[in-house]
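See structure below.
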Amino acid sequence: MALDKIGIAKRIAREVKDGMYVNLGIGIPTLVANYLPQGIEVELQSENGLLGMGPFPWDGEEDADLINAGKQTITTLPGSVFFDSAMSFGMIRAQKVDLTILGAMEVSERGDIANWKVPGKMVKGMGGAMDLVASAKNIIVAMQHCDKAGNSKLLPACTLPLTGVGCVKKIVSDLGVFDVTPDGFVLVERAPGVSVEEIVQSTKGKLIVPNDVPEMVI
Amino acid sequence: MALDKIGIAKRIAREVKDGMYVNLGIGIPTLVANYLPQGIEVELQSENGLLGMGPFPWDGEEDADLINAGKQTITTLPGSVFFDSAMSFGMIRAQKVDLTILGAMEVSERGDIANWKVPGKMVKGMGGAMDLVASAKNIIVAMQHCDKAGNSKLLPACTLPLTGVGCVKKIVSDLGVFDVTPDGFVLVERAPGVSVEEIVQSTKGKLIVPNDVPEMVI
Amino acid sequence: MPIHKVVSNAEEACKDIQSNMTLMVGGFGLCGIPENCISELVRKNITGLTCISNNAGVDDFGLGLLLQGRQVKKMISSYVGENAEFERQMLSGELEVELVPQGTLATRCMAAGYGMPAIYTPAGVGTEVALGKEVRNFNGKDYLMEFAFDSDFALVKAWKGDHKGNLIFRATSRNFNPLMAMAGKITIAEVEELVEPGTLDPDHIHLPGIYVHRIFQGVNYEKRIEQRTVRTRS
Amino acid sequence: MPIHKVVSNAEEACKDIQSNMTLMVGGFGLCGIPENCISELVRKNITGLTCISNNAGVDDFGLGLLLQGRQVKKMISSYVGENAEFERQMLSGELEVELVPQGTLATRCMAAGYGMPAIYTPAGVGTEVALGKEVRNFNGKDYLMEFAFDSDFALVKAWKGDHKGNLIFRATSRNFNPLMAMAGKITIAEVEELVEPGTLDPDHIHLPGIYVHRIFQGVNYEKRIEQRTVRTRS
């Protein structure tokens with residue numbers, strides 16, 4: 001069974017290590033915060049100007065001045081700190097943020113990513129994504145493996161306007177986990193019940209399949 | 001009688017207008033704060049990170065964390081604000097400081113200034129002077145007209161390493177007040193009891209003497 | 001610049017903002033936007049504006065109000081989702097849009113406020129954002145040269161301010177506000193609470209008053225929430 | 001970078017600082033200098049250091065202590081007056097000195113902390129500071145291109161800090177400290193008071209802990225005054 005959004009978020013959460021500063025994009029990446037391993041200490045950076053993002057507020061306690069990059073009401077935690085947008089992207093560019101998790105419409109076998117524009121159809125803008133992918137040391141993408149018509153979104157080259165070049169390190173899709181290497185996508189884990197064959201057929205970019213591909217344990 | 005340091009400071013103080021943000025250099029310029037016209041409101045910027053510099057503290061109330069750019073103990077005033085050195089020079093470069101008053105060893109008839117180095121003899125460094133003179137809209141120099149041997153320090157061209165090029169707008173020396181124009185130094189006022197002849201003889205750079213040069217009233 | 005900065009309201013503060021000017025408008029989404037100044041721009045009904053603002057508001061609030069009235073000629077923003085009227089005007093060509101990476105947008109404001117004519121950022125290298133821009137390699141990595149913004153007015157919102165223009169922001173409503181305040185040729189700050197000089201701790205001030213030309217205490221803040229997201233008590 | 005940052009003292013914090021490294025040292029004159037870390041460098045007696053610091057201390061305090069022990073190979077500073085031993089070593093050629101305009105020094109630190117490889121400043125155009133540097137004209141004015149600093153360690157002093165490395169500075173002892181804290185490959189912060197997370201107001205913090213790698217509560221601060229200047233009561 002392919003992973004649902006929560007499954008993808010849970011799997012990505014296992015990549016987060018103790019002591020990391022992490023930036024979570026809008027959508028599935030935001031869910032990752034709910035499934036972080038027990039006992040580790042992680043600081044979430046929200047690029048609109050907060051380090052130490054806490055959970056959503058209790059009903060009735062929301063504060064219009066306190067939101068995350070997805071414009072959702074949030075809370076602080078002990079040790080949180082606010083700053084302006086220039087410093088926020090300053091720390092991103094200076095690679096002080098250890099891990100960036102964001103969504104994608106397409107990823108190429110060279111690690112290019114497209115997630116901000118569909119010409120003639122949708123132009124919401126890149127927000128902070130271009131800054132994040134151009135700067136981050138470690139980028140994990142959360143995405144659907146195929147579009148609704150069944151076409152692979154892991155491609156030899158992106159067809160949509162790029163967000164960044166050669167930057168994605170790892171992909172967790174509904175079908176599996178993939179490292180992005182100089183040789184192409186490397187299949188690291190299969191989603192529960194998903195066969196190697198299904199993944200091969202669903203992947204248009206160059207895919208390297210090791211002899212033994214373990215099934216994911218969530 | 002040539003002006004003493006206090007006289008120079010008093011004369012420069014008359015150039016300071018209501019509502020100005022002013023940066024005062026070390027030495028005579030610091031004294032200007034003591035002679036500002038009554039009834040005007042001025043904000044003094046100290047480039048080590050303070051806007052709204054107050055007077056020296058009362059004996060016993062000095063605070064090691066609160067100094068000016070000359071490392072002197074100072075105080076704050078209502079409405080003072082602290083900031084870091086990057087923002088301090090940011091506001092200087094962005095020309096938010098209306099008037100800069102500083103000392104000089106030499107000034108050329110084109111408005112070049114030298115005040116930071118005597119090769120082989122003295123190298124204290126430029127501190128913030130190079131940033132100030134490169135950025136400020138309005139620069140007034142406080143200086144002695146001649147060195148101890150009687151040689152003019154208002155020159156056709158500076159002989160010492162430059163601090164900045166074509167930036168000085170006005171000079172108040174012990175002998176008089178001079179505008180620095182594209183045509184050279186223009187004598188605007190004589191110090192009390194100092195003759196035009198004495199000023200002409202003491203000035204090596206090109207000096208323009210209007211028909212009527214008033215004597216300064218302090 | 002006069003140190004005497006207090007004006008009575010948005011109308012007085014915005015009196016010389018005219019059609020076809022370039023305005024910076026603080027805020028992120030609807031968080032920390034200068035509500036009073038935006039209302040005043042609607043009331044004045046000036047047009048042909050170029051707005052530099054991270055977002056374009058929503059259909060019926062924030063800069064969306066100016067879009068509804070066709071007062072905006074060009075938006076310079078990083079993210080313009082959640083605004084149907086905006087998308088319609090953009091796709092139909094009525095509205096000119098320049099999309100700028102968010103960090104680039106912030107840093108181009110800061111550059112203006114810090115007197116730096118240009119900055120280098122890796123954001124957008126290899127993408128259509130890089131078209132026509134100078135690419136330069138430092139230490140093996142490519143960067144785009146981006147220019148400091150030039151704007152006639154900056155309209156910002158702070159939590160507290162004093163008569164000298166010193167500003168304190170609250171939580172994430174800080175965002176672009178101090179940066180745009182630094183960048184405006186004329187900067188107008190509206191605050192929830194205007195206090196006497198000396199009330200604010202000089203160590204707590206986020207934006208020194210030297211950058212602020214006019215300040216007033218705003219009224220009737222709605223502070224609308226764009227995405228109310230809560231936990232419900234079980 | 002670990003979020004677990006608290007160390008017990010300067011000795012532990014500085015344990016891997018070695019000879020011939022490049023160190024940023026915060027402070028302006030003797031104001032806001034990391035006294036404990038400087039003492040520890042003296043005790044370790046490492047040599048060949050390159051120090052980036054606005055000043056060089058005085059003969060018997062601050063970085064002057066390292067100069068006395070001939071531990072410094074090169075100083076990168078804006079102002080080095082008031083230090084006879086410094087001047088002697090410099091004029092005799094024992095000490096290499098690179099003089100940098102103060103705003104350039106500050107901005108090159110900020111550039112490192114903001115991931116900007118280079119900045120443009122008008123400071124020094126037409127002077128010997130410009131020798132060998134790229135000059136570029138923007139909007140009719142010349143600017144020098146100056147590079148972000150690269151340093152192995154940054155040693156800074158704050159008033160208060162918490163276990164996550166968040167720092168608050170006091171008055172003009174802020175100066176270069178937050179900028180250097182942003183710029184160090186490894187940043188060590190010594191504070192007068194180390195508190196639990198949640199003690200500091202998130203709106204009052206000057207430097208986010210993400211930039212700080214090690215933090216400890218310093219001891220025996222002397223906070224010497226360089227130019228005691230007072231009014232006497234009549």
Take a 6.0 Å sphere around [atom1] of [X] and say whether it holds more than 12 heavy atoms from other residues, nucleotides or ligands.
X	atom1	result
Lys169(A)	NZ	yes
Asn137(C)	CG	yes
Lys5(A)	NZ	no

Legend entry - For chain A, the option from His206(C), Arg170(C), Arg224(C), Lys141(C) that forms the most heavy-atom pairs under 4.5 Å: Arg170(C)

Legend entry - Option in Gly103(C), Gly32(C), Ala56(C), Pro178(C) with maximal non-hydrogen atom pairs under 4.5 Å from chain A: Gly103(C)

On a heavy-atom basis, which atom in [X] and which in [Y] lie closest, and how many Å separate them?
X	Y	answer
Asp131(A)	Pro101(C)	OD2-CB, 3.4 Å
Thr229(C)	Thr73(A)	O-OG1, 2.6 Å
Ala86(A)	Ala106(C)	N-CB, 3.7 Å

Inset, instruction - Output yes when Arg174(C) and Asp84(A) qualify as a salt bridge under the 4.0 Å nitrogen-oxygen rule, no when they do not. - result: no

Looking at chain C, which one of [options] has the largest number of heavy-atom pairs inside 4.5 Å, strictly under?
options	answer
Ser80(A), Ala129(A), Gly128(A)	Gly128(A)
Trp58(A), Phe82(A), Trp116(A)	Trp58(A)
Leu50(A), Leu66(A), Val133(A)	Leu66(A)
Gly125(A), Gly70(A), Gly60(A)	Gly125(A)

With rounding to the nearest 0.5 angstrom, report the [atom1] to [atom2] distance, [X] to [Y].
X	Y	atom1	atom2	result
Lys124(A)	Ser78(C)	NZ	OG	13.0 Å
Met130(A)	Leu144(C)	CE	CG	9.5 Å
Met87(A)	Met110(C)	CE	CE	9.5 Å
Asn54(C)	Ser85(A)	CG	OG	7.0 Å

Is any side-chain heavy atom of [X] closer than 4.5 Å to a side-chain heavy atom of [Y]?
X	Y	result
Met126(A)	Leu99(C)	yes
Lys71(A)	Leu30(C)	no
Asn48(A)	Phe28(C)	yes
Thr172(C)	Ser46(A)	no
Pro55(A)	Arg231(C)	yes

Inset, instruction - Answer with side chain, backbone, both or neither: which region of Thr163(A) has an atom nearer than 4.5 Å to a non-hydrogen atom of chain C? - result: backbone

Legend entry - Residue Val97(C) versus chain A: region with a heavy atom under 4.5 Å: neither

Legend entry - Residue part contacting chain A, namely of Asn55(C), when any heavy atom lies under 4.5 Å: side chain

Inset, instruction - Only counting residues at least two apart or in another chain, list the ones meeting side-chain hydrogen bond (donor to acceptor under 3.5 Å, both in side chains) with Gln45(A). - result: Asn23(A), Ser88(A)

Inset, instruction - Go through the side-chain N and O atoms of Thr107(C) and Arg93(A) and say whether any donor and acceptor fall under 3.5 Å apart. - result: yes

Inset, instruction - Could you check Asp65(A) against Lys223(C) for side-chain contact (heavy atoms from CB on, under 4.5 Å), going step by step and ending with a plain yes or no? - result: CA-CA 8 Å; Asp65(A) 289 336; Lys223(C) 296 176 77 163; 2.8 Å; yes

Legend entry - Proximal to chain A - members of residues 118-130 of chain C, heavy-atom separation under 4.5 Å: Thr121(C), Pro122(C), Ala123(C), Gly124(C), Val125(C), Gly126(C), Thr127(C), Glu128(C), Val129(C)

Inset, instruction - Mind running side-chain contact (heavy atoms from CB on, under 4.5 Å) on Asn68(A) and Gln227(C) for me, showing each step along the way? - result: CA-CA 10 Å; Asn68(A) 65 16; Gln227(C) 303 281 348; over 6 Å; no

Inset, instruction - Keeping to residues at least two apart or across chains, list the salt bridge (Lys or Arg N to Asp or Glu O under 4.0 Å) pairs with something in residues 49-62 of chain A. - result: Glu61(A)-Arg233(C), Glu62(A)-Arg228(C)

Legend entry - Residues of residues 140-152 of chain A within contact distance of chain C, non-hydrogen under 4.5 Å: none

